[in-house]
Every structure is written in C-alpha cells, then in structure tokens.
Participant: 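Take a look at this one; I'll ask things after.
Per chain, numbering begins at 1; letters A, B, ... match sequence-line order.
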Amino acid sequence: MRYLEMHLPTGREVPSDAEVVSNQLMIRAGMIRKLTSGIYSYLPLGYRVIRKVEQIIREEMNRAGAQEVHMPMVQPAELWQESGRWTYYGKELLRFRDRNDRDYCLGPTHEEVITDLIRNDIKTYRQLPRNLYQIQTKFRDEVRPRFGVMRCREFGMKDAYSFDADEAGAEKSYEKMFTAYKNIFRRCGLRFRPVEADSGSIGGSFSHEFMVMAESGEDAIVFCEKCNYAANLEKAEIARPQKSAGMENNWQPVESVETPCVRTIEEVSAFLNVPPQQIVKTLIFNADGKPVAVLIRGDHEVNEIKVKNVLGAAELELADDEMILKATGAPRGFAGAMGIKVRVIADYSIMNLVNLVTGANKEDYHLRNVNIDRDFKVESFADLRVVQPGDSCPRCGAAIQFVRGIEVGHVFKLGTKYSKAMRAVYLDRDGKEKTMIMGCYGIGVGRTVAACIEQNFDANGIIWPMPMAPYQVIVTPVNINEPDLMKTSEDIYKQLQSCGMEVILDDRDERAGVKFKDADLIGIPLRIVVGPKNLKDGQVELKVRKTGESKLYKTGDVVREVQSIIAAELKEVS
RNA sequence: CGGGGCGUAGCGCAGCCUGGUAGCGCGCUUGGUUUGGGACCAAGAUGCCGGAGGUUCAAAUCCUCUCGCCCCGACCA
C-alpha cells in the first residue's frame, strides 16, 4: 500500500499513561487507541497483525480437526444459572437487563452456550467427538485493567471446546490441542513454554498455560532444568516429605513466655532469639464464612490457591480482626494451634518440626516447645506454601529455576463440570445414557500480539517476526522529487505486489530520516532503500530490521531476493 | 474496594505553592531554502486549564463535591 493513502498515525512521544513497552510501541506505531479504561480500538496496522495471528490460529485449529463457529456475545442469565456460574463468577461478569427486564450478560467465555448447543444437537456416541472453536470478542469486567491490550476488559479470544464420549477420547482431544497450541505459538515466532496451572473459575481437573517468556510478564513460572517439570508459581508443587521417626524423644515441656506487642515473625524471632524456621505462623482464614487455621513455617508464604483447593472453598480470604478475636480469643499476632477451636490444617513444612514456637491465643503471650500430636491435632498435612528459590523439583528433586511469563493460552480438561450441570448427555453403544467429557482451550489474540512485541523490540521500535508482520517489506525512495528514484521505487513496489508480497511504498514527501524512523518504529522486517548514489550503479539497498545488516542488489535482483527471504522465514516456522 | 499519583492545544509538558490578559517543545497550515537516520527560515491556526458549586473586585491557581485516567495489592486469555 502507498503510505500516503494509509491511516497510520505514528507518534514520537511516549504516551504518558502507557507503562509497558508493548503498550507504548503499539500506540506510537499507530496500532491501537484507547477508548476508555481497558477498551481499545485497533487501527489498520494493528488489525492486520491481529488477523495474521487469527489466520495462524485458524490453520492450526482446522488442521487439528476443530471446526469454526460463531456464538453470541450476549447471553441469557438462565444458562449461567444452570451451570451455577451466575452467582459464582462474580463482578467480572458484566450483567444487564433488556427492555423486558430479563437478565443477560456479556460473554466472558462460552462454556454455557456451547454446552447448550451441543446437548441439543448431539444424541449419540456416533456423533462424538466434536471440537468447535470461535474467534470472538469477550468481555470481562476486570478489577484492574492494565498494560494496554495485555489485560483489558474487551478482548479478542479464540476459544475451543471439545466433547468426548470417554476419558480416553478426552485425553486425546487435549493432546491434539496441546500440540496445536505449540504449533501456533511457534509459528508466531514466540519463545514460550507450556506450564502446569491452576484451573481457576473455569474449573476442571487439570490445565496447562502457554507462557511467553518476558520480564514484564505478570506470572511467575517455576521450571526444572533436569526434567520437564514447569508450572505457574501458584500451581508449583512441593513434594510430600517423609515423616521422621522418634521425634517425641526430643519433646520438651511447653513453656509460656510473655511477649508484649511482639506479633510478626521477625519480631518474635528477634525477641526470643529463635530462627524463623523454628516458629510456626498460624494464619486464620475466612473460608466461605468459617474460620480455618493454617499452620506454616515462619519463613514460608502461604499459597492461598492451594489452601482454597485443599479446603474446597469457593471464597477464601484472610480473616478480619473480629473473626480472629472470636476464633483465637486474642487479637491479631498471637494465634497458635494449641487450644484453638477451629479446623487446623498444616503445611508439610512443619510436619517434622519439634519444640515449636507459636502464639498462645492470649494477648502478649507466645509458647515454646509446642509439639504436634501431643499439644494439638492437625486435621491434615498438605502442600500449602509458595515455592521459593532453593526448593527442589517435585518430580526429580533437582534445583528449580524462576522466570516470568505472559499467559497467552490456556488448555483445560474440564471433565463433566458443565456437561453434568447442564445435562449434555448421549447414548452409548449399549443404549445407556452417559455424560459427555469436555475440554476447553483459549488463546488471547491481542495479548499474543502484545507478548510478541515484549519479546521483539529495540530502542527504535518493534521488530516483527515475519509471520506476524503487518507488512513484510517497505520500499523507501529517499527523495520523491527525483523522478528516477520514484520510477525505480514504483517498479519494485509493483513487482513485489504482483508476486503476492505485502509491501508499503513510502511515497511521502519527507526527509529520508523521518521515513527510516517510521519504518523502524512500525517494525517492517525488510526495507528497500532507493537512493541516488546506489541507483547510479543500478543498485538499491536491502536492509534487515532484525539484524540491521544491509546489502546492495541490482534493481532487477532485489525482488527475487526479498521473495526468497520472506519465503524462507515463513517456512522456517510452519 | 483499599493505598498513591495525574487531568492545561493532537502528543509531551511548564504555569498552581504566593490569585491579576494561558505558555514551551513536537506536530499541524502557508511560503521559501533543503533532501541517506526525526532539517532550516518566515508567517500562522489551535484551549469550556476534566466537570459542578463556592470564596474573591478577580480563579488554571484557594476551598468543597464530582467525573475520568494511571500505578501498587485481591483476577485471568
């Protein structure tokens, strides 16, 4: 396309309200504009990149046997009430009423709608399996939209849903999607890693997130260099330790100590001159309205998701002062397991400790030499803490590493969570009614684009991998007022176009420097510079954005060269 | 929702403390000179100073309320 005809408003200044690089560059490169918090327009350049990603997704989904559909964004409350999520999903679900006062929501995801479709049209095992997907706008009323299109409220998502007759089939469907996802992100030119993840409000038994490695990522990832283990920090496990024998031989008698205004682990540690590893933190949580005591070693952090899962709680938060006072009989800072009258669960980290220091459930007092089984009972030991540097791999025991990542995709084994609640059933070979087994698979399209920029930029702007590039090549005549330069540029432009290349002709009456800066900013992989000195020798310059390397070519050869570079770079990933 | 910050020309900002005719850089328009990494000269245009109320002879500036946006914590593609 001719630059003069393009709507491509580039900017020189970094927008004051954009924090992350991808957001800054997407605005400066004229890809997006913010309408209001968490809601963006895509301008032509940005939308071209979106469509590139969508196309790669379509090809790989189709190849994996999924079929594209398009479901409504507006969804009736009844479906959500049926699945139980009308109440469970919370404020993120944007609800509204129509003129007849009926309740609706904007779809944040489509399990309900797809399950309804399938249950109405599928009656027999002969019609299974099925995998349907769509690329569609989702709305989630995020608590805090941020980082531009990376976490916004309205966003494009590819979501796929599989329905199988049995576990084995469901497993196969999951594997197919897992493979498709690896292909998609590889073809997008991303450095990524699939990790084990928590299922969150989508539910289900098992899930993997696809993480694009980036310092600015919101997620922490734990991985083992020896084996294949990789997990989201919130999911990362600690192996169950062996119970030591004969601990009771070292038990000392319990001792009460006055500890005025000593509340935190650091304060207790300093006051009693005991290392934090010997102190037990007793945290009172409010689990669906009931207090629960969670015990953990003083130097560790509780992973609330693990606690939530172990307790099977729908809502979990740290208890407020009132609940703590009621549960322990003391203000915050003096809770302990001994004598407490609520459920007590404990992290593995305290399983093999003896002569613990804990709160006394009495203001300004702590206890020494408290021992498990003798002085209090633990309902169950479980993995409840956040993995820390220095911990070992739960699979092979080797050291683990920490990195940051951006979640661009998530695959779930849903099981029968929705099919059961919404009665998606079929008749099997024996004429018996069975519940379908589901999986669901999401990719954030806009987020994938932003993540790609986070991995591919320099001081001058974006550096698109070829498969993502909005245009593959830009032809830059250094001065449009010289007819020779323009004629050659036009020729090359037309030839590139006619052999199917995506090309911009920068026909603006600007100085060369301005054009170079813009080409770099918007990240076009290849640039053909048509200038007077080289053209005198019948040559033009071909510059590669990624490496900064440039070479001279005969005007007659440059088109073929560009064509072969593009073909090679697209083939490399396909 | 809790904590912090910001709303002044299309973009980036100064002015506010100590009230007195709204400014700078970039961009934009016109003319001219330039032309291989964001040129130069000249002449211009552009503002409900986020909104409402108040104090005052006088408010971008002080006070009250409100709306919006960004950042840090509870979520997720």
Participant: Not counting sequence neighbours, which residues clear side chain to side chain donor-acceptor pair (under 3.5 Å) with A/His208? List them please.
Facilitator: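 Scan of A/His208 (side chain to side chain donor-acceptor pair (under 3.5 Å), adjacent residues dropped) gives A/Tyr174.
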Participant: Among residues two or more places apart or on two chains, list those pairs meeting side-chain hydrogen bond (donor to acceptor under 3.5 Å, both in side chains) that have a residue in residues 33-45 of chain A.
Facilitator: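 Pairs touching residues 33-45 of chain A that pass the test: A/Asp17-A/Lys34.
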Participant: Test for a donor-acceptor pair under 3.5 Å between the base of B/G37 and the side chain of A/Lys543, counting only N and O atoms.
Facilitator: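 Side chain to base: pair found, below 3.5 Å.
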Participant: Report the base-pairing partner of B/G73 (Watson-Crick or G-U wobble, both distances below 3.5 angstrom), or none.
Facilitator: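 Across any shown strand, B/G73 pairs with B/C1.
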Participant: Hunt down the Watson-Crick or G-U wobble partner of B/C17, both distances under 3.5 Å, from any strand shown, or write none.
Facilitator: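 The base-pairing partner of B/C17, which may sit in any strand shown, does not exist here.
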Participant: Can you tell me which residue among A/Ile522, A/Val21, A/Ile453, A/Ile524 is in a side-chain contact (heavy atoms from CB on, under 4.5 Å) with A/Ile462?
Facilitator: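 Among the candidates, only A/Ile453 passes.
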Participant: Kindly give the atom pairs (protein nitrogen or oxygen, nucleotide nitrogen or oxygen) under 3.5 Å for nucleotides 11-16 of chain B.
Facilitator:
{"from": "B/G12", "atom 1": "OP1", "to": "A/Ser16", "atom 2": "N", "distance (Å)": "3.0"}
{"from": "B/G12", "atom 1": "OP1", "to": "A/Ser16", "atom 2": "OG", "distance (Å)": "3.1"}
{"from": "B/C13", "atom 1": "OP2", "to": "A/Ser16", "atom 2": "OG", "distance (Å)": "3.4"}

Participant: Where along residues 23-34 of chain A does a heavy atom come under 4.0 Å from RNA chain B, residue by residue in number order?
Facilitator: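 Heavy-atom cutoff 4.0 Å gives A/Arg28, A/Lys34.
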Participant: Rounded to whole angstrom units, what separation is found between the CG atom of A/Leu93 and the P atom of B/A77?
Facilitator: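 To the nearest whole Å, that distance equals 14 Å.
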Participant: Using purine N1 to pyrimidine N3 plus N6-O4 or O6-N4 for Watson-Crick, or N1-O2 and O6-N3 for G-U wobble, both under 3.5 Å, which nucleotide pairs with B/G47?
Facilitator: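 Per the H-bond distance test, none.
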Participant: For A/Arg58, is there any backbone N or O sitting under 3.5 Å from a side-chain donor or acceptor partner on A/Asn62?
Facilitator: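 Side chain of A/Asn62 to backbone of A/Arg58: a pair is present.
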Participant: Is the number of heavy atoms from other residues, nucleotides or ligands within 6.0 Å of CD (A/Glu218) greater than 12?
Facilitator: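 Yes, because the 6.0 Å sphere around CD of A/Glu218 holds more than 12 heavy atoms from other groups.
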Participant: So if I take residues 469-490 of chain A and measure heavy-atom distances to RNA chain B, which residues fall below 4.0 Å?
Facilitator: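 The stretch gives A/Val478, A/Asn479, A/Asn481 as the residues lying under 4.0 Å from the strand, ordered by number.
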Participant: Closer to the 5' end of RNA chain B via nearest nucleotide, is it A/Glu407 or A/Phe516?
Facilitator: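 The residue closer to the strand's 5' end, by nearest nucleotide, is A/Phe516.
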Participant: If the test is salt bridge (charged side-chain N to carboxylate O under 4.0 Å, His left out), which one of A/Arg151, A/Arg153, A/Lys91 qualifies with A/Glu142?
Facilitator: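 Result for salt bridge (charged side-chain N to carboxylate O under 4.0 Å, His left out) with A/Glu142: A/Arg151.
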Participant: For residues 526-537 of chain A, pull every pair meeting salt bridge (charged side-chain N to carboxylate O under 4.0 Å, His left out), keeping only residues two or more places apart or in separate chains.
Facilitator: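 Checked against salt bridge (charged side-chain N to carboxylate O under 4.0 Å, His left out) - neighbours excluded - the pairs reaching residues 526-537 of chain A are A/Asp520-A/Arg527.
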Participant: Measure all distances between protein nitrogen or oxygen atoms and nitrogen or oxygen atoms of nucleotides 39-45 of chain B, and list the pairs falling under 3.5 Å.
Facilitator:
{"from": "B/A39", "atom 1": "O4'", "to": "A/Arg511", "atom 2": "NH1", "distance (Å)": "3.4"}
{"from": "B/A39", "atom 1": "N9", "to": "A/Arg511", "atom 2": "NE", "distance (Å)": "3.4"}

Participant: Find the partner of B/C6: check Watson-Crick (N1-N3 plus N6-O4 or O6-N4) and G-U wobble (N1-O2, O6-N3) distances, both under 3.5 Å, and reply none if neither fits.
Facilitator: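 Checking every strand shown, B/C6 finds its partner in B/G68, with both distances under 3.5 Å.
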Participant: Could you give the CD-to-P distance, from A/Glu142 to B/C1, as a whole number of Å?
Facilitator: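 It is 17 Å, rounded to the nearest whole Å.
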Participant: Less than 6.0 angstrom from the centroid, inside 45 degrees of the normal: does A/Arg508 satisfy that with respect to the ring of A/Tyr3?
Facilitator: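 So A/Arg508 does make the cation-pi contact.
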Participant: Could you tell me which residues satisfy side chain to side chain donor-acceptor pair (under 3.5 Å) with A/Arg12, sequence neighbours excluded, listed by chain and number?
Facilitator: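 Applying side chain to side chain donor-acceptor pair (under 3.5 Å) to A/Arg12 gives none.
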Participant: Quick one: A/Ile39 CD1 to B/G68 P, roughly how many Å, whole number?
Facilitator: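 Atom-to-atom, A/Ile39 to B/G68, this comes out as 13 Å.
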Participant: Residues from residues 149-158 of chain A sitting under 4.0 Å of RNA chain B, heavy atoms only?
Facilitator: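 The stretch gives A/Met150, A/Arg151, A/Cys152, A/Phe155, A/Met157 as the residues lying under 4.0 Å from the strand, ordered by number.
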Participant: Restricting to pairs with a member in residues 441-450 of chain A, which pass side-chain hydrogen bond (donor to acceptor under 3.5 Å, both in side chains), not counting sequence neighbours?
Facilitator: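 Counting only pairs at least two positions apart or across chains, the side-chain hydrogen bond (donor to acceptor under 3.5 Å, both in side chains) contacts touching residues 441-450 of chain A are A/Ser162-A/Tyr441.
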Participant: Using the P atom in both, what is the distance from B/C41 to B/U46, to the nearest Å?
Facilitator: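 The answer is 23 Å between these two P atoms.
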Participant: Take atom CZ of A/Arg140 and atom C1' of B/C76, then tell me their distance rounded to the nearest Å.
Facilitator: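 Checked: the CZ to C1' distance equals 6 Å.
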Participant: Given atom CZ of A/Arg146 and atom P of B/G5, what is their separation to the nearest angstrom?
Facilitator: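 That distance rounds to 20 Å.
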Participant: Looking at A/Val529, A/Leu535, A/Val478, which one forms a side-chain contact (heavy atoms from CB on, under 4.5 Å) with A/Glu541?
Facilitator: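 Among the candidates, only A/Val529 passes.
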Participant: More 5' along RNA chain B: A/Val143 or A/Asn460, using each one's nearest nucleotide?
Facilitator: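 By nearest-heavy-atom nucleotide position, the 5'-most residue is A/Asn460.
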Participant: Charged N to carboxylate O below 4.0 Å: is that the case for A/Arg85 and A/Glu111?
Facilitator: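 Here A/Arg85 pairs with A/Glu111 in a salt bridge, since their nearest N and O are under 4.0 Å apart.
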Participant: Respond yes when some side-chain nitrogen or oxygen of A/Arg144 is under 4.0 Å from OP1 or OP2 of B/G2, and no when none is.
Facilitator: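 So the side-chain polar atoms of A/Arg144 never come under 4.0 Å of the phosphate oxygens OP1 or OP2 of B/G2.
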Participant: I'd like to check the ring-ring contact (aromatic ring centres under 6.0 Å, His included) partners of A/Phe192; sequence neighbours left out, ordered by chain and number.
Facilitator: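 For A/Phe192 the ring-ring contact (aromatic ring centres under 6.0 Å, His included) partners, ignoring immediate neighbours, are A/Phe185.
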Participant: According to a strict under-4.0 Å criterion, is A/Thr36 in side-chain N/O contact with OP1 or OP2 of B/G68?
Facilitator: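 No, no such contact exists.
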Participant: Taking atom types as they are modelled, is there a donor-acceptor pair under 3.5 Å from the base of B/G37 to the side chain of A/Arg527?
Facilitator: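 By the distance-only test, yes, there is a pair.
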Participant: Tell me which residues in residues 51-59 of chain A put a heavy atom below 4.0 Å from RNA chain B, sorted by number, or none.
Facilitator: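 Here the set is empty: none.
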